[in-house]
J.: 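Below are the structure tokens for one structure; questions will follow.
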Number of protein chains: 2
Amino acid sequence: MSTAPSPATIRDVARLAGVSPATVSNVLRDHPRVSDATRARVRAAADELGYEPNALARSLRSGRSGTIALVVPDLRNAYFAELASEVIGAASRYGLRVAVEVLAGDRAHEVSVLTGSMTAFVDGLVYVPQKLLGTEIDDVLETRRAHRVPVVLLGERGADSHCPQVGYRNVEASRAVTELLLAGGARRIAAIGPHERAGSATPRLEGYLAALDAAGIPRDDALIRPTTAWHRTSGAQAVAELLADGVEVDAVFGFNDMLALGALSTLVRAGLDVPGQVQVAGFDDLEESAFALPALSTVEPGKRHAAGLALEVLAHLLEHDDEDDPGAVDSRLADFTVIPRGTTRSAR
Amino acid sequence: MSTAPSPATIRDVARLAGVSPATVSNVLRDHPRVSDATRARVRAAADELGYEPNALARSLRSGRSGTIALVVPDLRNAYFAELASEVIGAASRYGLRVAVEVLAGDRAHEVSVLTGSMTAFVDGLVYVPQKLLGTEIDDVLETRRAHRVPVVLLGERGADSHCPQVGYRNVEASRAVTELLLAGGARRIAAIGPHERAGSATPRLEGYLAALDAAGIPRDDALIRPTTAWHRTSGAQAVAELLADGVEVDAVFGFNDMLALGALSTLVRAGLDVPGQVQVAGFDDLEESAFALPALSTVEPGKRHAAGLALEVLAHLLEHDDEDDPGAVDSRLADFTVIPRGTTRSAR
DNA sequence: CTGAAAGCGCTTACAG
DNA sequence: CTGAAAGCGCTTACAG
């Protein structure tokens with residue numbers, strides 16, 4: 001107690017129980033072919049010594065840790081926090097633990113997280129790329145592939161990658177939520193959030209335009225307000241500029257809930273009636289959105305579904321790590337749900 | 001390329017470079033006593049084979065992984081998400097990676113996260129307890145201690161534990177924010193969030209009562225509204241009940257920002273003027289709070305400071321793992337800042 | 001049912 | 001400056 005004791009090893013337990021380390025190992029992993037008497041003796045010895053197997057050694061020898069890593073851009077962003085919770089939930093259904101690693105940095109940091117660190121200790125990876133794009137991802141993940149660690153991509157940035165991917169029906173969901181606005185009588189819908197970079201912005205713009213097109217409404221570039229940062233402040237500012245420019249507008253579609261929430265706050269502060277004068281809709285269905293005033297209409301893209309699909313694919317790869325054709329891409333899309341709330345007018 | 005290649009090992013590199021594995025190891029860890037010629041040959045061989053050291057083996061042998069685990073209750077809760085980001089930032093300043101593990105479950109799950117899983121692969125632990133209390137924590141962490149993995153507790157639940165702890169000045173901060181309400185002219189301040197269970201509720205109630213006492217205002221139990229869940233909905237409901245009960249109130253102190261935000265939304269929906277008729281203040285300074293309408297007055301308890309202190313203590317233990325007296329408790333408290341915003345009236 | 005041996009892939013003194 | 005040897009703590013066939 002006074003001198004720091006070395007942690008007990010399997011050999012200590014074996015010696016105390018009067019058996020071999022192999023037998024201790026068999027008892028501890030519930031191997032059937034061990035006599036009850038031996039089993040009891042080993043258990044007692046292990047208890048007495050407070051023995052806990054060294055997970056590092058076990059993992060090195062067996063090649064399995066029972067844990068996967070989830071690599072996400074940023075937990076301060078509620079979308080990723082909620083998605084992470086879904087991934088953790090889905091993993092537990094497969095008996096897998098999750099270690100979350102956060103990127104929140106530059107490209108070099110993203111590369112170092114993927115090549116080193118925790119990802120080296122895990123059996124598989126669910127990866128939501130931040131700065132890296134399709135083919136770069138494949139290059140960086142070469143290391144993981146060499147070590148037989150399967151990777152599943154979650155989100156839209158991995159387009160050209162050879163990794164299996166799970167994503168959302170961005171075009172369709174975006175179109176559906178735009179149609180909710182149209183059904184409420186909107187004719188001049190601002191789109192907040194498009195940009196040129198890879199990711200969800202392009203398909204969401206496409207869905208928005210498709211809805212307008214189907215309704216016979218021509219595209220008006222004055223209503224399309226680019227923002228690369230999809231934060232609350234960007235949404236607030238984009239709408240403030242829209243109003244300052246004197247652009248006529250009767251609805252706002254934020255490409256994610258944060259943008260929509262920022263837009264909503266600007267509209268309310270400006271004294272406009274939502275949804276009377278201006279309707280608002282977002283994309284993501286964050287928990288917070290239900291509590292906005294008025295409650296934000298949005299589309300739930302299928303976070304839980306996507307997390308479930310990602311784990312289904314990953315669990316499959318974990319089982320059949322050697323047989324698969326490395327070129328085979330297994331891509332799946334989650335189901336979405338439009339959620340009308342207080343910021344939209346109900347259809348007639 | 002067609003048959004899955006085994007990952008290259010240090011022996012493969014050694015063979016190709018015509019040296020011993022020990023030399024390869026020395027080159028890769030930038031050991032100085034290696035000739036430039038050998039160094040170049042080893043580097044070339046490693047590149048050619050796409051060699052990446054097996055972190056598991058390295059860690060087993062060297063006893064260091066360069067990663068710590070952060071164990072937190074729930075990432076959906078913005079407070080923990082923001083705290084996690086601060087811990088990650090602080091760790092990077094010590095050259096440490098962070099693997100986040102989420103509890104979000106029952107006691108048994110909390111125990112299993114602490115004893116097994118990723119915590120077995122890391123050099124140290126920053127742990128924000130959820131269900132476990134002081135002495136139980138020590139029992140569960142016996143395993144980590146045996147393996148010489150230092151643990152630092154973050155938060156208020158570990159009171160009786162022998163682990164070093166970092167926390168907030170709950171009483172003082174709570175008193176200071178209550179005094180902000182008093183300075184704005186409040187006399188009937190509701191306290192939302194007290195409960196009997198371990199944690200921050202008790203000291204925050206104490207701070208609230210101390211402020212009232214100093215101002216010569218008697219305690220009124222009708223204004224003290226217990227809630228165990230510190231969510232937005234609980235805050236909204238508590239205030240709704242307060243209003244329904246016809247209790248006279250001119251200010252609300254939510255024991256965290258989520259409660260305050262819920263309270264604020266109920267007040268605004270009820271048509272009350274904030275801060276004209278009722279002032280509101282919270283505790284935590286979540287990013288979201290600055291964007292409420294009106295912006296929420298609150299107290300920043302020192303999340304970044306606490307994260308920095310936790311890492312300072314942990315880094316110290318990592319350096320001096322054997323010399324320390326296991327009974328020594330190193331507790332530190334973070335500095336707080338009162339943040340007046342739109343939900344309080346400025347003092348005269 | 002149990003044990004001796006080999007080995008997972010590294011790093012660490014220790015010789016030379 | 002470089003290499004042979006031992007060993008981190010386990011698990012895994014393989015004998016018996």
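Reminder, nothing fancy here: chain letters follow the sequence lines and each chain counts from 1. Only heavy atoms go into these numbers, but all of them, side chains included; no hydrogens, no water, no symmetry mates. In this text the structure is predicted, and so the values were computed from the model without any measurement.
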J.: Identify all stems in which DNA chain C takes part, counting only runs of at least 3 consecutive pairs (Watson-Crick or G-U wobble, each distance under 3.5 Å), and give each as one range with another, ordered by first number.
T.: C:1-3 with D:14-16, C:5-12 with D:5-12, C:14-16 with D:1-3
J.: Begin from the C-alpha positions of A:Glu110 and A:Tyr127 and carry the test side-chain hydrogen bond (donor to acceptor under 3.5 Å, both in side chains) through to its verdict.
T.: CA-CA 11 Å; A:Glu110 184 158 343; A:Tyr127 168 36; 2.6 Å; yes
J.: To the nearest Å, how far apart are B:Asp30 CG and D:dC1 P?
T.: 14 Å
J.: So do the side chains of A:His109 and A:Asp106 get within less than 4.5 Å of each other, counting heavy atoms only?
T.: yes
J.: Would B:Val24 and B:Val19 count as a side-chain contact (heavy atoms from CB on, under 4.5 Å) here? Give the steps.
T.: CA-CA 7 Å; B:Val24 175; B:Val19 297; 3.8 Å; yes
J.: For A:Asp138 and A:Cys163: C-alpha separation, side-chain torsions, deciding distance, then whether side-chain contact (heavy atoms from CB on, under 4.5 Å) applies.
T.: CA-CA 7 Å; A:Asp138 290 349; A:Cys163 293; 3.9 Å; yes
J.: Tell me: CZ of A:Arg41 to P of C:dC1, nearest whole Å?
T.: 14 Å
J.: Are any of the side-chain heavy atoms of A:Ser85 and B:Val102 separated by less than 4.5 Å?
T.: no
J.: Using distance only, find each side-chain donor-acceptor pair of residues 305-312 of chain B under 3.5 Å and give its atom names and separation, not counting sequence neighbours.
T.:
unit_1	atom_1	unit_2	atom_2	d
B:His305	ND1	B:Asp335	N	2.9
B:Glu312	OE2	B:Arg332	NH1	2.9

J.: For B:Val126 and B:Val166, run side-chain contact (heavy atoms from CB on, under 4.5 Å): C-alpha distance rounded to whole Å, both residues' side-chain angles, the deciding distance at 0.1 Å, then the answer.
T.: CA-CA 10 Å; B:Val126 175; B:Val166 172; over 6 Å; no
J.: B:Thr23 side chain N/O closer than 4.0 Å to the phosphate oxygens (OP1, OP2) of D:dC1?
T.: no
J.: Side chains of A:Arg29 and A:Ser25: do they bring a donor and an acceptor to under 3.5 Å?
T.: yes
J.: How would nucleotides 6-16 of chain D be written as a contact map, 5' to 3', with B for base contact, S for sugar-phosphate-only contact and - for no contact, using protein heavy atoms under 4.0 Å?
T.: BBBBBBB----
